Amino acid sequence: MGTILVTGGTGTLGRPLTERLRADGHEVRVLSRHSAPHAVDLRDGAGLDAALSGVDTVVHCATTPKGGDERAACHLIAAAQRAGVGHLVYISIVGVDRVPLGYYKTKLAVERLIGGSGLGWTVLRTTQFHDLVLQVLERCARLPVMPVFAGVSDQPIEVREVAARLAELAAAAPAGRVPDMGGPEVRTFADLARAYLRAAGKRRPLLPVPLPGATYRAFRAGGHLAPERAVGRGTFEEYLARRFGDDGGATRA
């Protein structure tokens, strides 16, 4: 088996992906800003040539909503071209071509850079991970009254299932854009918030909050959802049970 490099290999998705690839018998290199021996900041690209030497496949998971993803992708693509990498796999988000959020626009731009790179490539779009939905809900629950996005639903997916799918794609031939991958259920944010409050043992009245602008309208219209591709199995409640364990359900402030 050839060598697979995972960018962002210590992150929320990169870590379980790396574990899965190694369990499948692949030689894996982890690339992140602080992970020796391949500590590389993709935004400047220093050290990429050494990291990619002898690599057959790259799975690009590194990303940040703070900016710089396009520049990072350009550095990665150029280094992959120099190294003769045969396959570049990219994880993207359902709705990047329908929701005019700045971060989504960047993800779409990276998809296009990869598609025009001349490399063999595969792009997988998924709905939001359970972890991200929980982060949003935890921030909202800091207030005495918990605001939720009025009229907005989500379709959270288990990150380990995404990692398993990416591992399959990395081991296969380049496939272009593959079918989207969505979580098992489309749920309103209010419903997800109630599930979170139950699991966390908290009580908060919910306050539906409408927001202005084209991005909010696109979310209300379900541009980030893939109900026809509800192929995930792990539910948000199952994720919350693991996250809160036996402590879940004890009432807190």
Side-chain angles (χ1 to χ4, degrees), residues 12-13 60-61 63-67 69-70 73 90-115 122-143 145-159 161-162 165-166 175-198 204-240:
T12 299
L13 174 60
H60 186 28
C61 299
T63 185
T64 174
K66 297 179 181 179
D69 276 11
E70 289 181 67
Y90 183 55
I91 180 68
S92 189
I93 305 171
V94 169
V96 292
D97 53 349
R98 298 192 296 261
V99 178
L101 184 68
Y103 180 56
Y104 280 31
K105 291 179 181 179
T106 297
K107 297 289 284 187
L108 181 60
V110 173
E111 286 187 14
R112 290 170 174 166
L113 287 170
I114 290 171
T122 300
V123 168
L124 171 66
R125 294 180 182 177
T126 76
T127 53
Q128 304 293 338
F129 301 157
H130 289 142
D131 309 65
L132 178 60
V133 174
L134 176 60
Q135 289 173 23
V136 172
L137 294 173
E138 285 180 326
R139 287 196 295 269
C140 293
R142 293 173 185 170
L143 301 172
V145 175
M146 186 174 178
V148 293
F149 303 117
V152 175
S153 296
D154 211 331
Q155 191 180 353
I157 192 167
E158 171 58 48
V159 69
E161 295 179 4
V162 177
R165 177 62 174 142
L166 278 179
R177 184 179 161 202
V178 297
D180 295 345
M181 188 174 184
E185 302 171 315
V186 175
R187 309 271 295 275
T188 67
F189 253 95
D191 191 30
L192 293 168
R194 285 188 286 267
Y196 158 71
L197 291 172
R198 285 194 300 269
R204 297 284 188 279
L206 302 184
L207 176 64
V209 178
L211 298 174
T215 296
Y216 179 64
R217 288 196 299 272
F219 278 128
R220 280 179 59 98
H224 60 305
L225 305 176
E228 73 288 352
R229 290 293 303 162
V231 296
R233 296 185 177 183
T235 67
F236 191 54
E237 278 81 2
E238 289 168 342
Y239 166 77
L240 291 172

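Fair warning: this is a prediction, and the values are worked out from it, not measured in the lab. The figures here come from the full heavy-atom set of this structure, side chains too, leaving out hydrogens, waters and symmetry mates.
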What pair of heavy atoms forms the shortest contact from [X] to [Y], and how long is it?
X	Y	result
I91	C61	CG2-CA, 3.8 Å
M181	V231	CG-CG2, 3.6 Å
L166	L124	CD2-CD2, 4.0 Å
G223	R98	O-NH2, 2.7 Å
E185	P156	O-CD, 4.2 Å
P184	A230	O-CB, 4.0 Å

Residues in side chain to side chain donor-acceptor pair (under 3.5 Å) contact with [X], at least two apart in sequence or another chain:
X	result
T63	D69, Y103
T122	H87
R177	D180
E111	S92, R125

Mind checking whether [X] and [Y] have side chains closer than 4.5 Å, heavy atoms only?
X	Y	value
I93	Q128	yes
V136	L192	no
I157	F129	yes
R165	V178	yes

How long is the gap from [atom1] on [X] to [atom2] on [Y], to the nearest 0.5 Å?
X	Y	atom1	atom2	value
R112	I114	CZ	CD1	13.0 Å
L225	D154	CG	CG	6.5 Å
R194	M146	CZ	CE	10.5 Å

Quick check against the 3.5 Å criterion: does [X] have a side-chain atom that pairs as donor or acceptor with the backbone of [Y]?
X	Y	result
Y216	V152	no
R204	L143	yes
S153	V186	no
R229	T126	no
E237	A195	no

Handout entry: With K107, the side chain to side chain contact (heavy atoms under 4.5 Å, CB included) member among D97, L101, V96, V123
Key =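 Checked D97, L101, V96, V123 against K107; only one passes side chain to side chain contact (heavy atoms under 4.5 Å, CB included): V96.
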
Problem - Set of ring pair (Phe, Tyr, Trp, His ring centres under 6.0 Å) partners for H130, sequence neighbours left out - result: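 With sequence neighbours excluded, H130 shows a ring pair (Phe, Tyr, Trp, His ring centres under 6.0 Å) to F236, Y239, given in chain and number order.
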
Practice task
Could you list the residues that satisfy ring pair (Phe, Tyr, Trp, His ring centres under 6.0 Å) with F149, not counting sequence neighbours?
Solution key: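 By the ring pair (Phe, Tyr, Trp, His ring centres under 6.0 Å) rule, F149 matches F189.
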
